[in-house]
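Have a look at the structure below, then the notes.
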Amino acid sequence: YLLAEAIYNLFFHPLASFPGPKITAVTKLYGMYFDMVQGDHGDRWSRRIYELHEQYGPIIRIEPNEVHILDSSFYHNLYNFDPDLEKKDSHVANLQHTPTTAAHRRRRKAFDPYFSRSSIQKIEPLIKSTIDKLTTQISHSKGVVDLSFWFRCMTFEIICDFMLSQPYNLMDEPDKSSKMVKAIVQVFKVLKPIQQIPVVSYIMNNLEHLPKWMQKAPSDEGLMYVKVWEEGLKPRLKKVREGKAEAEDGRVILMQEYLKNETLPEEEKSYDSVKQSVLMMVGAGMETTGYALGMANYQLLQRSDLLKQVKEEIATVWPSNQEEIPSWSTLERLPLLTAILKESTRLSLGVAARLIRVNRKRAVQYKDWVIPPGYHISMNQAFVLYDPDIFIEPNKFAPERWLQGEKSKELEKWYVPFSRGNRNCIGERLAWAEMYLTLAAVLHRFDMELYETEDIDVYPVYDHFVPFPERENGVRVTIKSTRDA
Ligand code: HEM
(Lines give C-alpha, C1' and ligand atoms only; values in the text may rest on other atoms or scores of the structure.)
Protein backbone atom coordinates (compact mmCIF):
# COMPACT_ATOMS: atom_id res chain seq x y z
CA TYR A 1 0.00 0.00 0.00
CA LEU A 2 2.79 2.41 0.96
CA LEU A 3 4.55 1.73 -2.32
CA ALA A 4 1.35 2.33 -4.28
CA GLU A 5 0.82 5.58 -2.40
CA ALA A 6 4.40 6.67 -3.08
CA ILE A 7 4.00 5.95 -6.80
CA TYR A 8 0.71 7.82 -6.87
CA ASN A 9 2.20 10.80 -5.02
CA LEU A 10 5.17 10.96 -7.35
CA PHE A 11 3.56 10.46 -10.73
CA PHE A 12 -0.24 10.78 -10.63
CA HIS A 13 -0.97 13.25 -7.82
CA PRO A 14 -2.43 16.64 -8.89
CA LEU A 15 0.72 18.30 -7.46
CA ALA A 16 3.08 15.84 -9.17
CA SER A 17 4.46 18.42 -11.59
CA PHE A 18 5.44 20.94 -8.91
CA PRO A 19 9.19 21.40 -8.26
CA GLY A 20 10.85 20.02 -5.12
CA PRO A 21 12.67 16.97 -3.84
CA LYS A 22 11.13 13.55 -4.48
CA ILE A 23 11.12 12.74 -0.79
CA THR A 24 8.77 15.62 0.15
CA ALA A 25 6.44 14.61 -2.68
CA VAL A 26 6.26 11.10 -1.25
CA THR A 27 5.90 11.71 2.48
CA LYS A 28 5.31 14.23 5.26
CA LEU A 29 7.94 12.44 7.32
CA TYR A 30 10.79 14.44 5.81
CA GLY A 31 9.37 17.69 7.18
CA MET A 32 8.44 16.04 10.46
CA TYR A 33 12.03 14.87 10.83
CA PHE A 34 13.26 18.45 10.50
CA ASP A 35 10.51 19.64 12.84
CA MET A 36 11.19 17.05 15.53
CA VAL A 37 14.72 15.78 15.31
CA GLN A 38 17.01 18.27 13.63
CA GLY A 39 18.34 21.18 15.65
CA ASP A 40 18.08 21.59 19.36
CA HIS A 41 14.51 20.44 19.76
CA GLY A 42 13.59 19.79 16.16
CA ASP A 43 12.89 23.20 14.79
CA ARG A 44 14.72 23.48 11.51
CA TRP A 45 11.99 22.80 8.98
CA SER A 46 11.45 26.46 8.09
CA ARG A 47 15.16 26.90 7.50
CA ARG A 48 15.31 23.75 5.38
CA ILE A 49 12.34 25.00 3.32
CA TYR A 50 14.32 28.16 2.59
CA GLU A 51 17.30 26.08 1.42
CA LEU A 52 15.04 23.98 -0.80
CA HIS A 53 13.73 27.16 -2.44
CA GLU A 54 17.30 28.18 -3.24
CA GLN A 55 17.65 24.88 -5.06
CA TYR A 56 14.22 24.52 -6.70
CA GLY A 57 12.84 28.04 -7.16
CA PRO A 58 10.01 30.14 -5.67
CA ILE A 59 7.34 27.43 -5.51
CA ILE A 60 8.05 23.95 -4.16
CA ARG A 61 6.10 20.95 -3.00
CA ILE A 62 7.08 20.51 0.63
CA GLU A 63 4.57 17.80 1.51
CA PRO A 64 2.52 15.47 -0.68
CA ASN A 65 -0.43 17.87 -0.34
CA GLU A 66 1.30 21.20 0.24
CA VAL A 67 3.21 23.74 -1.80
CA HIS A 68 5.23 26.56 -0.27
CA ILE A 69 5.88 29.88 -1.97
CA LEU A 70 8.90 32.09 -1.38
CA ASP A 71 7.95 35.29 -3.13
CA SER A 72 6.91 38.29 -1.04
CA SER A 73 4.92 39.73 -3.96
CA PHE A 74 2.44 36.86 -3.53
CA TYR A 75 1.93 37.43 0.21
CA HIS A 76 -1.26 39.50 -0.11
CA ASN A 77 -2.77 36.97 -2.50
CA LEU A 78 -2.78 34.43 0.30
CA TYR A 79 -3.42 36.45 3.47
CA ASN A 80 -6.42 38.67 2.83
CA PHE A 81 -10.17 38.82 3.33
CA ASP A 82 -11.11 36.26 0.66
CA PRO A 83 -13.51 33.94 2.54
CA ASP A 84 -12.47 31.02 0.33
CA LEU A 85 -8.94 31.10 1.72
CA GLU A 86 -9.36 28.98 4.81
CA LYS A 87 -7.18 27.02 7.22
CA LYS A 88 -6.50 23.31 7.08
CA ASP A 89 -8.50 20.81 9.13
CA SER A 90 -7.41 20.57 12.72
CA HIS A 91 -8.22 18.53 15.79
CA VAL A 92 -7.40 21.51 18.02
CA ALA A 93 -10.62 23.44 18.53
CA ASN A 94 -9.53 26.99 19.21
CA LEU A 95 -9.96 30.30 17.40
CA GLN A 96 -6.60 30.17 15.67
CA HIS A 97 -7.00 26.62 14.38
CA THR A 98 -10.62 26.90 13.23
CA PRO A 99 -10.58 25.51 9.68
CA THR A 100 -13.52 27.15 7.89
CA THR A 101 -14.23 30.83 7.45
CA ALA A 102 -17.85 30.45 8.60
CA ALA A 103 -16.94 28.79 11.91
CA HIS A 104 -14.03 31.16 12.44
CA ARG A 105 -16.22 34.19 11.82
CA ARG A 106 -18.67 33.01 14.49
CA ARG A 107 -15.95 32.47 17.06
CA ARG A 108 -14.07 35.61 16.21
CA LYS A 109 -17.21 37.75 16.36
CA ALA A 110 -17.61 36.70 19.98
CA PHE A 111 -14.09 37.89 20.85
CA ASP A 112 -13.60 40.85 18.50
CA PRO A 113 -15.43 43.59 20.46
CA TYR A 114 -13.14 43.06 23.46
CA PHE A 115 -9.98 43.57 21.39
CA SER A 116 -11.07 46.82 19.72
CA ARG A 117 -9.05 49.94 20.33
CA SER A 118 -11.62 51.41 22.74
CA SER A 119 -11.90 48.13 24.68
CA ILE A 120 -8.14 47.93 25.11
CA GLN A 121 -8.11 51.57 26.23
CA LYS A 122 -10.59 50.58 28.93
CA ILE A 123 -8.11 48.04 30.33
CA GLU A 124 -5.23 50.54 30.26
CA PRO A 125 -5.33 50.89 34.07
CA LEU A 126 -4.77 47.13 34.35
CA ILE A 127 -1.89 47.24 31.86
CA LYS A 128 -0.30 50.23 33.58
CA SER A 129 -0.56 48.82 37.08
CA THR A 130 1.02 45.56 35.90
CA ILE A 131 3.86 47.52 34.31
CA ASP A 132 4.30 49.54 37.53
CA LYS A 133 4.69 46.25 39.33
CA LEU A 134 7.19 45.11 36.73
CA THR A 135 9.39 48.17 37.12
CA THR A 136 9.15 48.02 40.93
CA GLN A 137 10.32 44.40 40.87
CA ILE A 138 13.11 45.19 38.43
CA SER A 139 14.31 48.05 40.61
CA HIS A 140 14.35 45.75 43.65
CA SER A 141 16.24 42.95 41.95
CA LYS A 142 19.89 42.66 42.79
CA GLY A 143 22.61 42.17 40.20
CA VAL A 144 21.77 40.93 36.75
CA VAL A 145 18.17 41.31 35.55
CA ASP A 146 16.75 39.00 32.89
CA LEU A 147 14.39 41.33 31.06
CA SER A 148 13.06 38.54 28.84
CA PHE A 149 11.80 36.67 31.90
CA TRP A 150 10.20 39.73 33.47
CA PHE A 151 8.50 40.75 30.23
CA ARG A 152 6.99 37.30 29.87
CA CYS A 153 5.70 37.44 33.45
CA MET A 154 4.17 40.81 32.75
CA THR A 155 2.44 39.79 29.50
CA PHE A 156 1.21 36.54 31.11
CA GLU A 157 -0.19 38.48 34.03
CA ILE A 158 -2.05 40.94 31.79
CA ILE A 159 -3.64 38.38 29.50
CA CYS A 160 -4.76 36.21 32.45
CA ASP A 161 -6.19 39.12 34.32
CA PHE A 162 -7.96 40.35 31.18
CA MET A 163 -9.43 36.93 30.38
CA LEU A 164 -10.25 35.61 33.83
CA SER A 165 -9.69 38.43 36.28
CA GLN A 166 -8.18 37.19 39.58
CA PRO A 167 -4.52 38.28 39.24
CA TYR A 168 -1.85 35.63 39.18
CA ASN A 169 0.69 37.73 41.09
CA LEU A 170 3.41 36.07 39.11
CA MET A 171 5.90 38.82 39.70
CA ASP A 172 5.73 38.47 43.49
CA GLU A 173 7.42 35.07 43.45
CA PRO A 174 10.05 35.14 40.72
CA ASP A 175 11.54 31.74 41.62
CA LYS A 176 8.22 29.96 41.28
CA SER A 177 7.29 31.98 38.21
CA SER A 178 10.57 31.22 36.54
CA LYS A 179 9.69 27.49 36.61
CA MET A 180 6.27 28.26 35.25
CA VAL A 181 7.53 30.45 32.42
CA LYS A 182 10.07 27.73 31.54
CA ALA A 183 7.26 25.18 31.46
CA ILE A 184 5.24 27.28 29.03
CA VAL A 185 8.30 27.80 26.85
CA GLN A 186 8.89 24.05 26.93
CA VAL A 187 5.35 23.44 25.76
CA PHE A 188 5.93 25.75 22.80
CA LYS A 189 8.90 23.61 21.89
CA VAL A 190 6.98 20.37 21.75
CA LEU A 191 3.63 21.69 20.60
CA LYS A 192 4.30 22.29 16.91
CA PRO A 193 5.66 18.82 16.11
CA ILE A 194 3.19 16.93 18.28
CA GLN A 195 0.21 18.73 16.83
CA GLN A 196 0.95 16.80 13.67
CA ILE A 197 0.40 13.49 15.44
CA PRO A 198 -3.27 13.48 16.46
CA VAL A 199 -2.98 10.85 19.19
CA VAL A 200 -0.07 12.58 20.94
CA SER A 201 -1.80 15.90 20.60
CA TYR A 202 -4.95 14.40 22.13
CA ILE A 203 -2.97 13.11 25.12
CA MET A 204 -1.29 16.48 25.55
CA ASN A 205 -4.64 18.26 25.53
CA ASN A 206 -5.95 15.87 28.15
CA LEU A 207 -2.91 15.61 30.38
CA GLU A 208 -4.95 16.80 33.34
CA HIS A 209 -6.97 13.56 33.26
CA LEU A 210 -3.90 11.32 33.46
CA PRO A 211 -2.41 10.04 36.71
CA LYS A 212 0.33 12.27 38.14
CA TRP A 213 3.17 9.85 37.34
CA MET A 214 2.15 9.90 33.69
CA GLN A 215 1.93 13.67 33.63
CA LYS A 216 5.44 13.79 35.02
CA ALA A 217 6.78 11.27 32.52
CA PRO A 218 7.82 13.67 29.76
CA SER A 219 9.64 16.09 32.06
CA ASP A 220 9.32 18.17 35.20
CA GLU A 221 8.27 21.00 32.96
CA GLY A 222 5.43 18.81 31.66
CA LEU A 223 4.16 18.46 35.20
CA MET A 224 4.63 22.14 35.84
CA TYR A 225 2.58 22.94 32.77
CA VAL A 226 -0.24 20.76 34.06
CA LYS A 227 0.02 22.68 37.31
CA VAL A 228 -0.27 25.99 35.46
CA TRP A 229 -3.59 24.72 34.21
CA GLU A 230 -4.75 22.69 37.20
CA GLU A 231 -3.78 25.07 39.99
CA GLY A 232 -3.76 28.35 38.15
CA LEU A 233 -6.04 28.75 35.19
CA LYS A 234 -8.63 26.04 35.83
CA PRO A 235 -9.90 27.29 39.24
CA ARG A 236 -9.98 30.80 37.83
CA LEU A 237 -11.98 29.63 34.84
CA LYS A 238 -14.31 27.72 37.18
CA LYS A 239 -15.11 30.93 38.99
CA VAL A 240 -15.69 32.67 35.69
CA ARG A 241 -18.01 29.88 34.51
CA GLU A 242 -20.00 30.25 37.70
CA GLY A 243 -20.23 33.98 37.04
CA LYS A 244 -18.48 34.67 40.35
CA ALA A 245 -15.36 36.43 39.09
CA GLU A 246 -15.21 40.16 39.70
CA ALA A 247 -12.82 42.69 38.30
CA GLU A 248 -11.59 45.36 40.71
CA ASP A 249 -12.48 48.36 38.60
CA GLY A 250 -15.65 46.97 37.05
CA ARG A 251 -13.98 46.25 33.72
CA VAL A 252 -15.20 43.35 31.61
CA ILE A 253 -13.81 39.86 32.11
CA LEU A 254 -13.23 38.51 28.63
CA MET A 255 -14.19 34.86 29.15
CA GLN A 256 -17.17 35.79 31.31
CA GLU A 257 -18.49 37.93 28.44
CA TYR A 258 -17.75 35.14 25.99
CA LEU A 259 -19.73 32.66 28.07
CA LYS A 260 -22.65 35.09 28.32
CA ASN A 261 -22.81 35.45 24.53
CA GLU A 262 -26.20 34.15 23.51
CA THR A 263 -25.48 33.91 19.80
CA LEU A 264 -22.86 31.23 20.34
CA PRO A 265 -23.95 27.59 20.25
CA GLU A 266 -23.55 25.78 23.56
CA GLU A 267 -20.75 23.53 22.28
CA GLU A 268 -18.60 26.64 21.80
CA LYS A 269 -18.92 27.22 25.53
CA SER A 270 -18.09 23.68 26.60
CA TYR A 271 -15.33 23.14 29.14
CA ASP A 272 -12.92 21.85 26.50
CA SER A 273 -13.63 24.55 23.97
CA VAL A 274 -13.15 27.36 26.49
CA LYS A 275 -10.05 25.66 27.90
CA GLN A 276 -8.51 25.58 24.41
CA SER A 277 -9.22 29.28 23.95
CA VAL A 278 -7.73 30.20 27.31
CA LEU A 279 -4.54 28.20 26.73
CA MET A 280 -4.18 29.52 23.21
CA MET A 281 -4.56 33.14 24.27
CA VAL A 282 -2.10 32.74 27.13
CA GLY A 283 0.50 31.31 24.76
CA ALA A 284 -0.15 33.84 22.00
CA GLY A 285 -0.39 36.78 24.37
CA MET A 286 2.65 36.03 26.49
CA GLU A 287 5.47 34.97 24.23
CA THR A 288 5.17 37.22 21.16
CA THR A 289 4.92 40.55 22.96
CA GLY A 290 7.52 39.59 25.56
CA TYR A 291 9.96 38.61 22.84
CA ALA A 292 9.42 41.83 20.87
CA LEU A 293 10.07 43.90 24.01
CA GLY A 294 13.30 41.98 24.66
CA MET A 295 14.37 42.72 21.09
CA ALA A 296 13.61 46.46 21.47
CA ASN A 297 15.62 46.81 24.66
CA TYR A 298 18.55 44.78 23.35
CA GLN A 299 18.82 46.85 20.20
CA LEU A 300 18.46 50.19 21.95
CA LEU A 301 21.07 49.39 24.57
CA GLN A 302 23.52 48.93 21.71
CA ARG A 303 22.68 52.24 20.06
CA SER A 304 23.46 54.98 22.58
CA ASP A 305 22.59 57.74 20.08
CA LEU A 306 19.12 56.34 19.52
CA LEU A 307 18.62 55.55 23.19
CA LYS A 308 19.35 59.16 24.12
CA GLN A 309 17.02 60.47 21.41
CA VAL A 310 14.11 58.24 22.36
CA LYS A 311 14.49 59.03 26.07
CA GLU A 312 14.34 62.71 25.16
CA GLU A 313 11.29 62.08 23.01
CA ILE A 314 9.52 60.26 25.85
CA ALA A 315 10.41 63.12 28.22
CA THR A 316 8.42 65.52 26.01
CA VAL A 317 5.20 63.79 27.10
CA TRP A 318 6.29 62.50 30.49
CA PRO A 319 7.36 65.30 32.85
CA SER A 320 9.86 64.22 35.50
CA ASN A 321 7.46 65.11 38.33
CA GLN A 322 4.72 62.87 36.91
CA GLU A 323 4.42 59.38 38.35
CA GLU A 324 1.86 57.85 36.02
CA ILE A 325 2.87 56.41 32.67
CA PRO A 326 1.41 58.59 29.87
CA SER A 327 -1.49 57.10 27.97
CA TRP A 328 -1.08 54.70 25.07
CA SER A 329 -2.66 57.26 22.71
CA THR A 330 -0.13 59.91 23.82
CA LEU A 331 2.84 57.59 23.38
CA GLU A 332 1.83 56.36 19.95
CA ARG A 333 2.14 59.92 18.67
CA LEU A 334 5.91 59.75 19.27
CA PRO A 335 7.52 58.98 15.90
CA LEU A 336 10.82 57.55 17.11
CA LEU A 337 9.28 55.32 19.78
CA THR A 338 6.82 54.07 17.15
CA ALA A 339 9.60 53.36 14.64
CA ILE A 340 11.60 51.48 17.29
CA LEU A 341 8.65 49.25 18.12
CA LYS A 342 7.90 48.65 14.46
CA GLU A 343 11.46 47.63 13.77
CA SER A 344 11.56 45.41 16.87
CA THR A 345 8.37 43.60 15.90
CA ARG A 346 9.71 43.17 12.36
CA LEU A 347 12.91 41.60 13.65
CA SER A 348 11.17 39.43 16.22
CA LEU A 349 8.70 38.05 13.63
CA GLY A 350 5.72 37.15 15.84
CA VAL A 351 5.33 33.76 14.19
CA ALA A 352 8.26 31.78 12.78
CA ALA A 353 6.28 28.96 11.21
CA ARG A 354 4.73 28.88 7.77
CA LEU A 355 1.03 29.78 7.79
CA ILE A 356 -1.04 27.34 5.77
CA ARG A 357 -4.08 28.25 3.69
CA VAL A 358 -6.38 26.12 1.59
CA ASN A 359 -8.93 27.12 -1.01
CA ARG A 360 -11.49 24.32 -0.99
CA LYS A 361 -13.57 25.83 -3.78
CA ARG A 362 -11.24 27.21 -6.40
CA ALA A 363 -7.79 26.71 -7.86
CA VAL A 364 -5.16 29.27 -6.86
CA GLN A 365 -2.78 30.61 -9.44
CA TYR A 366 0.82 31.56 -8.74
CA LYS A 367 2.54 32.76 -11.91
CA ASP A 368 2.26 29.81 -14.35
CA TRP A 369 1.44 27.38 -11.60
CA VAL A 370 -2.14 26.39 -10.82
CA ILE A 371 -2.71 24.85 -7.40
CA PRO A 372 -5.91 22.79 -7.57
CA PRO A 373 -8.64 23.32 -4.95
CA GLY A 374 -8.20 21.57 -1.62
CA TYR A 375 -4.40 21.55 -1.49
CA HIS A 376 -2.38 23.36 1.11
CA ILE A 377 -0.52 26.53 0.17
CA SER A 378 1.85 28.20 2.60
CA MET A 379 4.22 31.11 2.98
CA ASN A 380 6.36 32.20 5.86
CA GLN A 381 6.04 35.77 7.10
CA ALA A 382 9.64 35.61 8.33
CA PHE A 383 10.78 35.48 4.71
CA VAL A 384 8.84 38.66 3.96
CA LEU A 385 9.98 40.50 7.08
CA TYR A 386 13.62 39.63 6.34
CA ASP A 387 13.33 39.95 2.53
CA PRO A 388 16.50 41.86 1.49
CA ASP A 389 14.75 43.27 -1.58
CA ILE A 390 12.20 44.99 0.67
CA PHE A 391 14.11 45.65 3.88
CA ILE A 392 17.66 46.60 2.91
CA GLU A 393 20.12 44.86 5.27
CA PRO A 394 17.23 42.96 6.86
CA ASN A 395 19.18 41.86 9.95
CA LYS A 396 20.02 45.43 10.83
CA PHE A 397 17.98 47.21 13.49
CA ALA A 398 17.15 50.39 11.59
CA PRO A 399 14.14 52.29 12.97
CA GLU A 400 15.15 55.00 10.50
CA ARG A 401 13.50 52.97 7.74
CA TRP A 402 10.12 53.80 9.29
CA LEU A 403 10.84 57.53 9.39
CA GLN A 404 11.24 58.28 5.70
CA GLY A 405 7.82 59.69 4.76
CA GLU A 406 6.45 58.27 1.51
CA LYS A 407 9.17 55.63 1.29
CA SER A 408 8.15 54.27 4.69
CA LYS A 409 4.50 54.22 3.65
CA GLU A 410 5.46 51.80 0.88
CA LEU A 411 7.18 49.61 3.45
CA GLU A 412 3.96 49.40 5.49
CA LYS A 413 2.58 47.00 2.92
CA TRP A 414 5.26 44.51 3.94
CA TYR A 415 4.94 45.06 7.66
CA VAL A 416 3.24 41.75 8.41
CA PRO A 417 4.28 40.45 11.86
CA PHE A 418 0.60 40.35 12.86
CA SER A 419 -0.34 38.67 9.57
CA ARG A 420 -3.07 40.17 7.38
CA GLY A 421 -6.68 39.53 6.39
CA ASN A 422 -9.47 37.76 8.22
CA ARG A 423 -7.11 35.46 10.15
CA ASN A 424 -4.77 38.18 11.39
CA CYS A 425 -3.82 38.64 15.03
CA ILE A 426 -6.80 39.52 17.19
CA GLY A 427 -4.48 40.70 19.97
CA GLU A 428 -2.64 43.29 17.89
CA ARG A 429 -4.02 46.31 19.75
CA LEU A 430 -3.39 44.75 23.13
CA ALA A 431 0.16 44.00 22.03
CA TRP A 432 0.71 47.58 20.86
CA ALA A 433 -0.66 49.05 24.09
CA GLU A 434 1.58 46.76 26.14
CA MET A 435 4.64 47.52 24.05
CA TYR A 436 4.27 51.31 24.04
CA LEU A 437 3.53 51.53 27.74
CA THR A 438 6.23 49.07 28.79
CA LEU A 439 9.05 50.37 26.64
CA ALA A 440 8.32 53.96 27.68
CA ALA A 441 8.18 52.98 31.37
CA VAL A 442 11.40 50.96 31.31
CA LEU A 443 13.32 53.63 29.40
CA HIS A 444 11.96 56.45 31.56
CA ARG A 445 12.56 54.72 34.87
CA PHE A 446 15.94 53.05 34.32
CA ASP A 447 19.39 53.55 32.93
CA MET A 448 20.58 50.09 31.97
CA GLU A 449 23.56 48.33 30.48
CA LEU A 450 23.54 45.02 28.65
CA TYR A 451 25.06 42.12 30.55
CA GLU A 452 26.63 39.34 28.47
CA THR A 453 23.88 39.52 25.87
CA GLU A 454 24.66 39.06 22.20
CA ASP A 455 22.82 38.59 18.91
CA ILE A 456 22.50 34.85 19.56
CA ASP A 457 20.41 35.60 22.64
CA VAL A 458 17.96 37.63 20.64
CA TYR A 459 17.70 37.01 16.89
CA PRO A 460 15.14 34.38 15.85
CA VAL A 461 16.66 31.08 14.80
CA TYR A 462 14.37 28.25 15.83
CA ASP A 463 10.82 27.75 14.68
CA HIS A 464 8.62 26.51 17.52
CA PHE A 465 5.68 28.17 15.82
CA VAL A 466 6.85 31.30 17.64
CA PRO A 467 10.53 32.04 17.14
CA PHE A 468 13.30 31.32 19.63
CA PRO A 469 16.91 32.50 19.57
CA GLU A 470 19.97 30.26 19.47
CA ARG A 471 20.75 30.73 23.17
CA GLU A 472 18.11 31.19 25.81
CA ASN A 473 19.89 33.27 28.41
CA GLY A 474 17.50 36.12 27.78
CA VAL A 475 18.20 39.82 27.37
CA ARG A 476 20.14 40.48 30.54
CA VAL A 477 20.98 43.89 31.94
CA THR A 478 22.37 45.62 34.97
CA ILE A 479 20.58 48.65 36.31
CA LYS A 480 22.83 51.70 36.48
CA SER A 481 20.30 54.06 37.96
CA THR A 482 16.63 54.19 38.77
CA ARG A 483 14.37 57.21 38.54
CA ASP A 484 12.14 57.23 41.58
CA ALA A 485 8.52 57.24 40.56
C1 HEM B 1 3.97 41.36 19.14
C2 HEM B 1 2.92 40.66 19.46
C3 HEM B 1 2.15 39.70 18.58
C4 HEM B 1 2.42 39.26 17.30
C5 HEM B 1 3.57 39.66 16.41
C6 HEM B 1 1.35 38.34 16.94
C7 HEM B 1 1.25 37.69 15.72
C8 HEM B 1 0.20 36.88 15.34
C9 HEM B 1 0.06 36.24 14.06
C10 HEM B 1 1.07 36.30 12.95
C11 HEM B 1 -1.11 35.56 14.05
C12 HEM B 1 -1.68 34.71 12.93
C13 HEM B 1 -1.41 33.25 13.22
C14 HEM B 1 -2.06 32.29 12.27
O15 HEM B 1 -2.48 32.66 11.17
O16 HEM B 1 -2.14 31.10 12.64
C17 HEM B 1 -1.72 35.76 15.34
C18 HEM B 1 -2.93 35.23 15.71
C19 HEM B 1 -3.47 35.38 16.96
N20 HEM B 1 -2.96 36.12 18.00
FE21 HEM B 1 -1.32 37.26 17.96
N22 HEM B 1 0.48 38.25 17.99
C23 HEM B 1 0.92 39.07 19.00
C24 HEM B 1 0.32 39.28 20.22
C25 HEM B 1 -0.87 38.73 20.61
C26 HEM B 1 -1.53 38.99 21.86
C27 HEM B 1 -1.05 39.98 22.95
C28 HEM B 1 -2.62 38.21 21.91
C29 HEM B 1 -3.58 38.20 23.07
C30 HEM B 1 -4.74 37.75 23.10
C31 HEM B 1 -2.68 37.46 20.66
C32 HEM B 1 -3.66 36.55 20.31
C33 HEM B 1 -3.80 35.98 19.07
C34 HEM B 1 -4.92 35.12 18.70
C35 HEM B 1 -6.07 34.71 19.60
C36 HEM B 1 -4.71 34.75 17.37
C37 HEM B 1 -5.63 33.90 16.49
C38 HEM B 1 -6.56 34.83 15.77
C39 HEM B 1 -7.51 34.16 14.80
O40 HEM B 1 -7.18 33.11 14.25
O41 HEM B 1 -8.58 34.73 14.59
N42 HEM B 1 -1.60 37.81 19.90
N43 HEM B 1 -0.92 36.58 16.11
Side-chain angles (χ1 to χ4, degrees), residues 75 78-81 85-88 90 92-112 114-116 119-120 123 126-127 130 151-152 154-164 191-192 195 254-255 258 274 276-296 340-358 376-385 415-439 460 463 465-467:
Y75 179 88
L78 207 53
Y79 307 96
N80 54 41
F81 289 95
L85 285 167
E86 303 189 302
K87 288 204 176 178
K88 64 175 187 166
S90 169
V92 191
N94 63 31
L95 179 68
Q96 190 197 356
H97 290 94
T98 315
T100 64
T101 301
H104 176 262
R105 229 178 235 160
R106 200 175 53 213
R107 280 185 180 158
R108 177 111 177 195
K109 227 171 117 191
F111 283 114
D112 258 340
Y114 308 101
F115 286 94
S116 70
S119 294
I120 298 301
I123 62 160
L126 160 70
I127 303 175
T130 315
F151 289 149
R152 282 172 172 152
M154 186 252 325
T155 49
F156 181 98
E157 192 73 53
I158 292 171
I159 187 68
C160 284
D161 218 337
F162 175 37
M163 276 193 302
L164 303 169
L191 207 60
K192 181 165 161 261
Q195 270 178 355
L254 177 66
M255 296 319 292
Y258 178 86
V274 175
Q276 292 299 337
S277 294
V278 168
L279 287 175
M280 197 247 129
M281 293 237 182
V282 169
M286 174 183 114
E287 191 55 38
T288 45
T289 321
Y291 185 43
L293 279 166
M295 176 69 81
I340 286 166
L341 286 172
K342 272 222 149 114
E343 189 65 348
S344 304
T345 40
R346 178 185 74 80
L347 288 176
S348 60
L349 299 179
V351 169
R354 67 192 197 280
L355 297 177
I356 301 170
R357 294 291 181 269
V358 52
H376 297 168
I377 313 164
S378 57
M379 291 183 74
N380 194 318
Q381 62 189 37
F383 302 155
V384 179
L385 293 165
Y415 177 75
V416 296
F418 295 94
S419 188
R420 292 284 173 99
N422 51 14
R423 308 300 293 255
N424 75 341
C425 176
I426 198 174
E428 179 168 353
R429 287 175 207 88
L430 173 60
W432 275 113
E434 288 177 346
M435 291 189 295
Y436 271 108
L437 295 165
T438 309
L439 190 58
D463 161 13
F465 188 72
V466 292

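Hydrogens, waters and symmetry mates are skipped; everything else that's a heavy atom, side chains included, is used. All ligand and atom numbering here is 1-based and tracks the order in the structure.
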Say whether, by atom type as modelled, one donor and one acceptor occur between the side chain of [X] and the main chain of [Y] under 3.5 angstrom.
X: Thr345; Y: Leu341; answer: yes
X: Ser378; Y: Ile356; answer: no
X: Arg420; Y: Tyr415; answer: yes

Would you mind reporting whether [Y] and [X] have side-chain heavy atoms less than 4.5 Å apart?
X: Ile123; Y: Leu430; answer: yes
X: Met281; Y: Met255; answer: no
X: Tyr291; Y: Val466; answer: no
X: Leu95; Y: Ser277; answer: no
X: Gln96; Y: Phe465; answer: yes

Which residue owns the protein heavy atom closest to [atom], what's the atom, and how far is it?
atom: atom 10 (C) of ligand 1; value: Pro417 O, 3.2 Å
atom: atom 9 (C) of ligand 1; value: Val351 CG2, 3.8 Å
atom: atom 37 (C) of ligand 1; value: Gln96 CB, 3.7 Å
atom: atom 33 (C) of ligand 1; value: Ala284 CB, 3.8 Å
atom: atom 5 (C) of ligand 1; value: Gly350 CA, 3.4 Å
atom: atom 12 (C) of ligand 1; value: Arg423 O, 3.8 Å
atom: atom 34 (C) of ligand 1; value: Met280 CE, 3.5 Å
atom: atom 18 (C) of ligand 1; value: Cys425 CA, 3.6 Å

Pairing donors with acceptors under 3.5 angstrom, does anything connect the side chains of Thr100 and Glu86? no
Residue-level breakdown please: for [X] versus ligand 1, do any non-hydrogen atoms fall below 4.0 Å on the side chain, on the backbone, on both, or on neither?
X: Glu428; answer: neither
X: Phe111; answer: neither
X: Asn424; answer: backbone

Would one find an N or O of [X], backbone or side chain, under 3.5 Å from an N or O of ligand 1?
X: Thr289; result: no
X: Glu434; result: no
X: Ser419; result: no

Measure the distances from the heavy atoms of [X] to every atom of ligand 1 and state whether one is below 4.0 angstrom.
X: Gln381; answer: yes
X: His104; answer: yes
X: His97; answer: no
X: Phe115; answer: yes

Please round to the nearest 0.5 Å and tell me the distance separating atom [atom1] of [X] and atom [atom2] of [Y].
X: Phe111; Y: Ser119; atom1: CZ; atom2: OG; answer: 13.5 Å
X: Leu254; Y: Asp161; atom1: CG; atom2: CG; answer: 11.5 Å
X: Arg423; Y: Tyr79; atom1: CZ; atom2: OH; answer: 12.0 Å

Would you mind running through ligand 1 and noting each atom that sits below 4.0 Å from a heavy atom of Lys87? 14 (C), 15 (O), 16 (O)
Should one rank Ser344, Ala352, Gly285, Gly290 by closest heavy-atom distance to atom 29 (C) of ligand 1, which comes out on top? Gly285
